[in-house]
Amino acid sequence: MDPRLSPDPTSLDPTPGYTPANNNTMDTSADNHTANMDSDMYTDSQPAAVGTPSSLSNVPLTADGPGGSGGADQAGNSKRKRFVKVVEVDAPNNLDLDAYIATYKGHTKVNRLEFIADRCPSLQVDALKLAITELRITNTLHVSRYINLVRKLNEAVKFGAPGSGSVSSDLLTVDKAWADNQMLKAKQQTDLLEGELKNYKRNSIKESIRMGNIELGNHYYACGDLTSAHRSYSRTRDYCTTSKHIIELCMNVIKASIELGNFPHVLTYVVKAESTPEVAQDKEVTKAKLKAASGLANLDLSKYPAAARDFLSIGEELVGNQYGDVISANDIAVYGGLCALASFNRTELKRLVIDNVGFRQYLELEPHIRDLIQGFYNSNYALCLDIMDKWKNDYLLDLHLHSHIEALYTNIRKKALIQFSSPFLTVDLTKMAKSFSTAVPALEKELVSLIIGGQIEARIDSQQKILWAKQTNKRSAIFDRSTAMGQDYEREAKALVLRMQMMNHGLVVKGPPGERGGPNDGEHSFEAPHPRGGRDREMFAGTRANVSSFLSSFSRERHHR
């Protein structure tokens, strides 16, 4: 792995000599970007305290800032840890960095740029330049992250990364005056908001307390302290009095939880928001955002069918990048299309994807995904595999998709193999391998795994290189089922006729009303035992007479025949 891409375990101290345990200190979370960016490895980041602003003349650009690789979960919750091999991408095939990143805003924009810089050496310098420029333009309060990106850019230039010659000197040095000013502003704003919130709590004004927590949470979020932001947003739960307040709570918590990587928590608040009677004034947009958040959570949890249904149910409301701080419209097309191909059968693909008018507008933004779906449905597997191979490197640089590409591609290929072989009794493995751009031995291994898993009912002739489908005599199976059905009908019909004849000849005993309960209203077969009471003995004697009369008439009819 390129040493420029290896995170430095040391932590950055933007203000030398500060003491974290200080009541007058605003705690801002470390930039857990690298850990949360890499959704295949959830680790916890250590909080970086921002103390009283001082000169940054001694800022070490070689130390790793809060964007280091890892530490503790900022939300304080236990997350599953997935350790997946980090794949470096030498050069993406179709990625236009400027056009790609223009569809995002806020933290997500910088998060994706830093993720690309960590994974792609050829785009490292350009991505870091854009990220630093974005932080400066937006006057970020997350100063430690800005310093960390400057350090990374210096390292990239030092190692001679592509594009190093075009880096201006102002991007390679920390603007100390600006950084000091932003740190001072962050501390003053924190003290002000915390003081106002204390006054609101002292006066017990519910709406003021709710708004105070939201403003404090927004400030913590701007400073990069996602843990404190999540906590402040969650505290508004007890002060919500209307449906609009609940929706605002859920959307804020969802945004913070997505960036923290706490996707099970995202699903919880999506359900809470969807169960609110009145979603919002712009309810269609809010519903679409909730579906997008739910889709991201299910994708992260590898629940591809659920993720596909979530993305496919998003209306056209998000086409204009209205949710750019979390996901873009292009992402919805890519995530929804790949998850659908990996999990839906042919009928569902036609009904839920191809004929989906709302999702079609997202597919227009990513024509290759549209062509991939159409090619798969039309059994043009050579085209499908070619498109998937061309875009794989681009998807490996996607913040949410990179750790699922191998699983999605494997599932799509398996479904293609099953769909290819299902209509035929025999398949020439040589021609099949040519269609799937692979060698015959490798294809045999894939088919063997599908046969063992019960996904294909066939056998392989390794000598002749032929796949033989297991043949069943459908005519015999139909006759067997028909015979069994006829026997069941005959048995039920005889039982019904016997019951009717017994009732016609009085071969049932009816107890007095109310004396016996049950579904038969006191009716009992003459063979049923009865108590020895006098009334029952008389009733039973009458039944015996009826039975004798029936047997006598039956004997006479048989004798006359």
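- To the nearest 0.5 Å, atom OG of residue Ser294 and atom CG of residue Asp310 are 3.5 Å apart.
- Looking only at atom types and distance, the side chain of Asp331 has no donor-acceptor partner in the side chain of Tyr323 under 3.5 Å away.
- Contact of the Asn298 side chain with the Leu267 side chain is registered, since non-hydrogen atoms from C-beta on lie closer than 4.5 Å.
- Between His368 atom NE2 and Leu383 atom CG the span is 12.0 Å, to the nearest 0.5 Å.
- Of the possible polar contacts, none joining the Ser232 side chain to the Ala229 backbone as a donor-acceptor pair under 3.5 Å is found.
- Taking the side chain as every heavy atom from C-beta outward, Leu447 and Leu429 approach each other to under 4.5 Å.
- Atom CG in Asp325 sits 9.5 Å away from atom CD in Glu259 (nearest 0.5 Å).
- With sequence neighbours excluded, the residues forming a side-chain hydrogen bond (donor to acceptor under 3.5 Å, both in side chains) with Tyr100 are Arg112, listed by chain and number.
- Taking the side chain as every heavy atom from C-beta outward, Asp300 and His400 never approach each other to under 4.5 Å.
- Between His265 and His230, the distance separating the two ring centers is shorter than 6.0 angstrom.
- Atom CD of Gln361 has more than 12 heavy atoms from other residues, nucleotides or ligands within 6.0 Å.
- For Gln464, there are no side-chain hydrogen bond (donor to acceptor under 3.5 Å, both in side chains) partners, not counting sequence neighbours.
- Two residues are said to be in side-chain contact when any heavy atoms from C-beta on lie closer than 4.5 Å; Asn93 and Trp391 fail this criterion.
- From Asp96, atom CG reaches atom CD1 of Ile101 across 11.0 Å, with rounding to the nearest 0.5 Å.
- Side-chain contact check for Met251 versus Leu290: some heavy-atom pair is nearer than 4.5 Å.
- When the shell of 6.0 Å around NZ of Lys465 is examined, it contains more than 12 heavy atoms from other residues, nucleotides or ligands.
- When side chains are defined from C-beta on, Trp468 does not count as touching Leu425, because their heavy atoms never get closer than 4.5 Å.
- Atom CD1 in Ile246 sits 13.5 Å away from atom NZ in Lys244 (nearest 0.5 Å).
- Between Lys152 and Asp118 there is a side-chain heavy-atom pair separated by less than 4.5 Å.
- Here Tyr362 pairs with nothing under the side-chain hydrogen bond (donor to acceptor under 3.5 Å, both in side chains) rule; sequence neighbours left out.
- More than 12 heavy atoms of other residues, nucleotides or ligands shown are found within 6.0 angstrom of CG on Asn378.
- In this structure, the side chain of Asn94 engages the main chain of Lys390 through a donor-acceptor pair within 3.5 Å.
- Other residues, nucleotides and ligands contribute at most 12 non-hydrogen atoms within 6.0 Å of the CZ atom of Arg459.
- Side-chain contact check for Leu365 versus Ile332: every heavy-atom pair is 4.5 Å or farther apart.
- In this pair, His404 and Tyr304 present their aromatic rings perpendicular. The plane angle is above 60°, beyond the 30 to 60° band.
- Scanning for side-chain hydrogen bond (donor to acceptor under 3.5 Å, both in side chains) contacts around Tyr233 gives Asn218, with sequence neighbours left out.
- Interatomic distance, CG of Leu149 versus NZ of Lys129, reported as 14.0 Å (0.5 Å rounding).
- Tyr221 and Asn252 share no side-chain donor-acceptor pair at under 3.5 Å.
- Not one N or O on the side chain of Thr438 forms a donor-acceptor pair closer than 3.5 Å with the backbone of Ala433.
- The salt bridge (charged side-chain N to carboxylate O under 4.0 Å, His left out) analysis of residues 411-427, with sequence neighbours excluded, yields the pairs Arg413-Glu446.
- For Phe344, there are no ring-ring contact (aromatic ring centres under 6.0 Å, His included) partners, not counting sequence neighbours.
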